[in-house]
Every structure is written in C-alpha cells, then in structure tokens.
A.B. asks: 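Below are the structure tokens for one structure; questions will follow.
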Amino acid sequence: MTKEYRIAVIPGDGTGPEVVAEGLKVLETVAEKCDIKLNLTYYNLGGEHYKSTGEILPDQVLEELALLDAIYLGAIGHPDVKPGILEKGLLLKLRFHFDQYINLRPVKLYEGVDTPLKNKGPEDIDFVVIRENTEGLYAGAGGFLKRGTPDEVAVQESINTRKGVERCIRYAFEYCRKRNKGKKLTLCGKTNVLTFAFDLWERVFYEVAKEYPDIATDYAHVDATCMWMVKNPEWFDVIVTDNMFGDIITDLAAMIQGGMGIAAGGNINPDGISMFEPIGGSAPKYTGQRMINPIAAICAAQIMLETLGESKAAAMIEKGVMKVLRDDIKDVAAGRMGYRTDEVGDLIAGYIRGE
Ligand code: IPM
Ligand code: MN
C-alpha cells in the first residue's frame, strides 16, 4: 500500500533553497522506488521574507504545520538581519513550539571523505550525539538589571527539568539499543562545576541506566569530550548531553566527519512533528553559485525518512551518498567537489534509480 507523508518544506535563506531542491530530488527518487507518496507544502519564511513583510513565523503557519508529518528545512540566517531575530523567532520557535526535545546528530566519516584527524578513518568515526533541544541555556530564562549602566547585570540561567532531562536520557538509551553498535552511552556534562544541573543529569542517567542492563554507561566532562573526540573518537557510540554543550560539541563533531557539507540533524519530537535540517547554515557568499554541497541536506532527508519509519528508503539514500562520496566527489567542501550542487543531486538520484 502506498504510504503518504505530508511534508512542510522551508527552503529558507542563502543556499537553503539550492540544497533543499537536491534533497527533494533524491527524496522523490527513493519515494518512487519505495511506494511512498510525498505531499509537499512550501513555506516562504526566513530573512528575505522577514525583510519584505516583517513577518517571521505567523501563528497561522504554526497551525498548518501542526497538521503535517514533518518539516524539511534548508537554512535560516540573513546577513542583513540582526543575529538572534531569525534564530529565536523561527528556528528555536519551531523547536520549542513542536516540543522537538531531541536534537539528533549522527557523526559518521564516510569512505572517500577527508578528516582533519591524523591516522583516523571511517572505522574510528561513527557515533551519534543526542542533544537536549528545548531546555538548558536555550530556554530564555534570565534578564538584565540596569542595562547599559556601569552597574549592569546580565543573567542567563540554565533550565533543567526532571521531565526534560529524563525524556532525553531515555530516548538516548532507546536509541543506543536500537542502533545496536557499540551499545555504549556516554553522558557528557560538567559535574565538577555545574553541580546542580549536572547532578540532576547524572542521577537521572544512572537511574534510567538500570532499565538498560545491555547498554554500557560512561561519563565525560564536556571539555574532556572535546579532547577525546579529537584524540580517540572511536571511544564514542552514543553521547547524550544538554542543549548548550550539544550545540558546541556537534560543530566539532561535524568537522571530524568532513565538514558542514555533510553534517545533518533532526529536531525530533518522537510523538509529534519533527524537523530535519543540514546544520551548515545559509552560507550567503555561495548563494546561487551552485557550489555548495547538497549532501548535508540529502542526509537530513535520510534522517527524516528513518524517523518516519521508512528505514528501507533511508538506507537507499545512505547507499547513494556513500557511493558518490567514495567514487565521484573530490572534496566535500563548497566549490571543490568537482561537480555543481545540482550535479551532485543528479549523481545520487541516478545511482538510486540504478543508472
Ligand atoms: C544549531 C544552530 C542553532 C543552535 C542556532 C542557529 C540557533 O547553531 O542548530 O546547532 O544554536 O541550536
Ligand atoms: Mn550549532
């Protein structure tokens, strides 16, 4: 029976539309092969739209999105819009509104891709970061006192709720079991300094761990996590961490897997509407040049299919990506691929079609 998915597409700013077009090209190709129907609804949101209309994310759009199955996002960010406006008003608002409490970031070095780590290869770099996505320092708690005066005080608090921490940790244990690779979950925190927030994380971590005797547990401070990620990335299988630490370590992780050109992630509400995005940003200087690598967006589509339960279709995308990275693309960096953005999409789609 044909399965149908209603997907909201937000191409967004900069190179977002270019890479989303390639992601959709590949999605449509596997959909046809796997008897899946994609019902796409486009939303024109982002910096350009904000500049011309003053609108960031209307309530009407949130109501419409609530009726769909997933959101596929290109990139948000515009050089003429003050930092924070689009990030908070669009990206974070979507994450919070739809309670996408997991930020899932697979980190995998594919064959044919260069890593800056000396003597490390695909067998060493294959782990997943699960970042809490709705709380911590991102919750927006805090404020100013006497702003703009010499006595100014700025407070930004990290909010960690028992419920929020537990559901994230539980998801991580489940994910680690389902992944069935290293069967090891590492909590990344800072228990030696953040003795309130990470006391809660640590207690919940070891409490939930009792329900998962098949999963080995480990702990690393966030600074040490950065060190090990460079020195011994093979030690990691699944990492669970809070919002801010997750943000930081996943940029480092993206670099060791080859760069922003192939890094993708999912903002997941396991019981609701999830959103998938390449994590590289809008790259304004490459806009319209057909130079940017669409593989991150194509991998975001893969994570979307996986999350929707379409594992076979997701695996077909990964196979295509692996083939093209191994045999065709010279370098994953923008402008150095040896192919244009759309040609990379064509190569992967063609391979999936069996050409
Ligand atoms: C990310 C980004 C966002 C974040 C920004 C754009 C708000 O860096 O998805 O990692 O900090 O979460
Ligand atoms: Mn980030």
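Counting starts at 1 for both ligands and their atoms, following the listed order.
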A.B. asks: Starting from atom 11 (O) of ligand 1, which protein heavy atom do you reach first, and at what distance in Å?
C.D. replies: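 The closest one turns out to be Tyr138 OH, 2.6 Å.
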
A.B. asks: Does an N or O from Asp247, backbone or side chain, lie closer than 3.5 Å to an N or O of ligand 1?
C.D. replies: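 Yes, there is a polar N/O contact under 3.5 Å.
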
A.B. asks: Would you please indicate if the ring centroids of Tyr206 and Tyr219 are separated by under 6.0 Å?
C.D. replies: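 Distance test on ring centres: not under 6.0 Å, no.
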
A.B. asks: Answer yes or no for Asp247: is there an N/O/S atom below the 2.8 Å cut-off from the Mn ion (ligand 2)?
C.D. replies: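 It does: Asp247 brings an N, O or S atom closer than 2.8 Å to the Mn ion (ligand 2).
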
A.B. asks: Just jot down the ligand 1 atoms closer than 4.0 angstrom to any heavy atom of Arg95, in number order.
C.D. replies: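 Result: 1 (C), 4 (C), 9 (O), 12 (O).
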
A.B. asks: Pull out every atom of ligand 1 sitting under 4.0 Å from any heavy atom of Arg131, numbered as shown with elements.
C.D. replies: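 Those qualifying, in numeric order: 1 (C), 4 (C), 10 (O), 11 (O), 12 (O).
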
A.B. asks: Could you tell me which residues satisfy ring-ring contact (aromatic ring centres under 6.0 Å, His included) with Phe96, sequence neighbours excluded, listed by chain and number?
C.D. replies: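 So Phe96 forms no ring-ring contact (aromatic ring centres under 6.0 Å, His included) with any residue.
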
A.B. asks: List the atom of Gln289, the atom of Lys285, and the distance in Å for their closest heavy-atom pair.
C.D. replies: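 That would be CG-O, 4.0 Å.
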
A.B. asks: Taking all non-hydrogen atoms of both residues into account, name the closest pair between Asp237 and Lys181 and its distance.
C.D. replies: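 Taking every non-hydrogen atom into account, OD1-CB, 3.9 Å.
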
A.B. asks: At a non-hydrogen distance cut-off of under 4.0 Å, which region of Asn243 contacts ligand 1 (side chain, backbone, both, or neither)?
C.D. replies: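 Answer for Asn243: neither.
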
A.B. asks: In terms of relative ring orientation, are Phe127 and Phe236 parallel, tilted or perpendicular, with 30° and 60° separating the classes?
C.D. replies: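 Answer is tilted, since the angle falls between 30° and 60°.
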
A.B. asks: Give a yes or no on whether the ring-centroid distance for Tyr72 and Tyr43 is below 6.0 angstrom.
C.D. replies: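 No, the ring centres sit 6.0 Å or more apart.
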
A.B. asks: Where is the nearest protein heavy atom to atom 5 (C) of ligand 1: which residue, which atom, and how far?
C.D. replies: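 The answer is Leu91 CD2, 4.2 Å.
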
A.B. asks: Can you tell me which portion of Met244 lies within the under-4.0 Å heavy-atom range of ligand 1? Options are side chain, backbone, both, or neither.
C.D. replies: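 Contact part for Met244 vs ligand 1: neither.
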
